[in-house]
Chemist: 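Here it is, the structure in full.
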Amino acid sequence: MRNLFRIYLEKPELAGIALLVILTGIFEVRSNGVFLGADNVRGILGLLPEVGLVSIGVTVLMICGEFDLSVGSVFALTPMLAAVLMERDMPFLPAVLIGLAVAAGIGFINGVITLRFGIPSFITTLGMLFMARSMTVVISGGFPPVLPDELPTWLFTQFIGPGGLIRVSFIWFVAIALLVSAMLSLTNFGNWLKSTGGFLEAASSLGIPVNRVKIICFMLSSVLAGFGGLIEVLRLGSPLPSIGEGLELQAVAAAVIGGTALNGGIGTVLGAVVGSLLIRVIDNGLVLTQVDSNWFKFAVGALTIFAVVANARLRRAARGIRIETRA
Amino acid sequence: MTPIIECRGVQKWYAGVHALKNINLAVQRGEVVGLVGDNGAGKSTLIKILSGVHQPEAGAVLIEGRPVVLRSPKVAMRLGIETIYQTNSMVPTMSIARNLFLGREPISLGIGGIGLLDQARMRRESVQAIADVDLHLRSPDALVGELSGGQRQGVAIARAMHFKSKVLVLDEPTNHLSVKETNKVLGFIRGLKPQGVTGIFISHNIHHVFECCDRIVAMARGEIVFDSPVGGTNIDHIHDLL
């Protein structure tokens with residue numbers, strides 16, 4: 001059991017990877033080889049960055065011990081704001097930067113309210129979920145603004161690579177995943193972040209600025225959600241006020257399936273990527289194998305419960321280890 | 001000789017309760033002082049002032065003869081006062097090396113205090129630091145969650161020694177430990193003296209204090225009611241006092 005605990009702590013995403021391999025195998029066989037065909041892989045990888053970016057942010061925030069349920073709404077608000085500004089003749093770059101800055105501001109407010117008033121971030125960000133969604137609809141004026149024709153969409157959604165297998169957004173996604181992952185494991189900030197979620201009292205007694213660490217994570221989560229939304233809107237070509245509904249829960253599910261602990265301290269970026277990929281694979285695989293696709297949410301829900309139960313069991317085992325004494 | 005740490009006329013009130021009444025306590029370099037007393041006697045309050053968690057309402061704390069303001073735990077640590085709490089000051093989900101350097105990581109390529117960890121150095125130095133307190137662990141990469149309670153306190157003490165703390169405050173470090181683990185921790189505390197580290201060991205178990213301290217200070221109702229070298233007293237006498 002000790003070894004299992006150790007494996008879980010060092011490679012919390014391992015179970016997710018195993019499941020991913022198994023499901024890919026099943027879907028590949030059941031779909032007679034269509035699942036791993038170039039066209040289908042292109043479809044899965046084309047959509048992955050949007051959910052994946054949100055999951056990375058949510059995972060990092062969960063590692064430092066907090067939740068963000070407002071990501072789905074920020075996912076819609078950021079591109080909507082950028083689109084409204086562009087409709088009023090603002091150039092692309094400043095419009096996008098303002099959109100992302102507003103996302104960062106929302107993350108900041110989430111963090112400050114949570115910490116200042118000592119309330120669960122679950123509630124703060126649930127409130128923000130409604131507020132940000134409402135703002136999205138209000139600024140759209142009920143009609144989605146029309147995006148200008150001359151946009152650098154190629155920078156985000158162009159198909160590239162051998163046979164046009166991936167979109168440019170995938171490169172953004174991988175680069176951000178690598179950066180955040182390096183931040184977590186190679187820098188002292190990553191050390192502070194994990195200690196903040198792992199054992200808040202110990203971290204603050206050692207002088208770690210735990211509140212600042214948390215606020216930065218809230219902001220990161222919000223900005224990544226906004227960026228994911230921008231990519232989706234550029235892909236769709238139209239900023240719908242309803243995009244990203246329910247995405248917050250998919251992101252939490254992806255984090256948990258990828259091994260992130262609900263109580264913080266444990267989790268990896270790779271886990272978030274694996275979790276998001278699993279969700280995409282299930283979504284896509286069910287369609288290809290001609291299962292009623294309404295089972296999709298059922299599958300993700302069941303998997304989430306399973307992952308949390310498994311994590312909790314390992315956690316209990318870990319507590320057992322703590323009491324046990326050795327010479 | 002100038003005491004390494006001294007409280008002069010320290011007073012503290014909590015919501016109208018006079019928690020510390022004019023505390024005067026001077027500890028010499030290399031001395032290990034046992035601080036005993038019942039719950040509510042003021043031990044914890046005094047410790048929180050020394051570790052920078054609370055500030056006194058009156059009086060002063062002096063380190064090596066100079067008055068200091070212990071505004072926060074970080075300031076206290078920088079001035080050489082390191083506190084080890086009963087609820088471990090270790091993060092169980094992180095490795096020994098990462099815990100040892102938590103908040104004081106050696107970094108390279110840093111901007112504004114944030115940078116890349118020098119992980120090789122962290123591993124190397126934590127192996128050395130742990131060996132210095134006579135604790136032998138397989139690897140600096142082992143997780144603190146895998147260690148026993150006594151071993152964790154050992155790592156916490158090793159951390160304080162590594163950062164050249166002048167004064168080590170041990171706040172009930174043997175609570176919740178088995179007899180065997182407690183003996184191990186008492187052994188770590190006895191090891192402080194040969195290394196010239198000053199210790200203030202808080203406990204409500206007088207036997208533990210007698211086993212590893214030079215001097216006993218007893219508190220009751222916010223005052224120091226007894227202060228004597230271990231040789232000049234016995235356990236029964238202190239029991240009667242409390």
Side-chain angles (χ1 to χ4, degrees), chain A residues 1-10 12 63-65 182-210 212-213 216 259-261 263-268 311 314-327, chain B residues 51-53 72-78 82-85 87-95 97-110 112-119 122 137 141-152 156 159 171 176-182 184:
Chain A
M1 213 54 197
R2 182 196 298 277
N3 289 334
L4 211 55
F5 174 52
R6 204 186 155 80
I7 290 169
Y8 168 54
L9 281 177
E10 284 177 354
I63 295 173
C64 94
M183 184 269 284
L184 264 182
S185 55
L186 301 180
T187 71
N188 55 343
F189 185 77
N191 226 23
W192 301 355
L193 201 162
K194 283 187 198 157
S195 67
T196 299
F199 192 0
L200 188 72
E201 289 77 12
S204 58
S205 81
L206 284 167
I208 305 292
V210 289
R212 220 175 306 160
V213 169
I216 290 172
T260 309
N263 331 31
I266 305 167
T268 58
N311 286 1
L314 278 163
R315 208 156 247 276
R316 262 198 295 280
R319 264 209 296 280
I321 289 168
R322 224 162 286 171
I323 297 162
E324 177 193 327
T325 57
R326 274 190 306 170
Chain B
S51 57
V53 177
S72 69
K74 191 143 196 173
V75 171
M77 275 160 68
R78 206 177 303 136
E82 182 116 0
T83 309
I84 294 171
Y85 298 93
T87 50
N88 237 283
S89 0
M90 296 271 141
V91 182
T93 49
M94 291 167 69
S95 74
R98 280 174 181 261
N99 263 289
L100 217 127
F101 285 92
L102 188 54
R104 289 176 284 201
E105 297 89 349
I107 54 169
S108 56
L109 299 172
I114 304 292
L116 293 176
L117 295 170
D118 185 347
Q119 300 205 46
M122 284 165 63
L137 298 171
D141 299 323
L143 299 164
V144 166
E146 295 180 277
L147 303 181
S148 71
Q151 288 173 326
R152 285 181 207 200
R159 173 167 65 192
D171 189 5
H176 316 300
L177 294 186
S178 67
V179 175
K180 197 159 117 199
E181 291 292 311
T182 298
K184 215 183 287 171

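Each chain gets a letter, A, B and so on, in the order its sequence line appears, and its residues count up from 1. Just so you know, these numbers use all the heavy atoms, side chains as well, and skip hydrogens, waters and symmetry mates.
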Chemist: Let me know if B/Ile107 has heavy atoms under 4.5 Å from chain A in its side chain, its backbone, both or neither.
Modeler: side chain
Chemist: What I'd like to find out is whether the side chain of B/Lys74 reaches to under 4.5 Å of the side chain of A/Ile208, using heavy atoms alone.
Modeler: no
Chemist: Measuring from B/Leu116:CG to A/Met183:CE, what's the distance to the nearest 0.5 Å?
Modeler: 12.5 Å
Chemist: With no hydrogens and no angle check, is any side-chain donor or acceptor of A/Asn188 less than 3.5 Å from a backbone partner on B/Gly113?
Modeler: yes
Chemist: Just so I understand: if I count every heavy-atom pair under 4.5 Å between each of B/Gly150, B/Pro73, B/Gly115 and chain A, which residue has the most?
Modeler: B/Gly115
Chemist: Where do A/Ser195 and B/Val91 come nearest, in terms of heavy atoms and distance?
Modeler: CB-CG2, 3.7 Å
Chemist: Do the side chain of A/Asn191 and the main chain of B/Leu102 share a donor and acceptor less than 3.5 angstrom apart?
Modeler: no
Chemist: How close do B/Ser89 and A/Ser205 get, heavy atom to heavy atom, and via which atoms?
Modeler: CB-OG, 4.3 Å
Chemist: Kindly give the heavy-atom pair with the smallest separation between B/Arg98 and A/Lys194, and that separation in Å.
Modeler: NH1-NZ, 4.5 Å
Chemist: Contact part of B/Arg159 toward chain A, heavy-atom cut-off under 4.5 Å: side chain, backbone, both or neither?
Modeler: side chain
Chemist: Go through the atoms of A/Leu206 and report whether side chain, backbone, both or neither lie under 4.5 Å from a heavy atom of chain B.
Modeler: both
Chemist: Please report the interatomic distance CH2(A/Trp192) to CD(B/Glu105), rounded to the nearest 0.5 Å.
Modeler: 6.5 Å
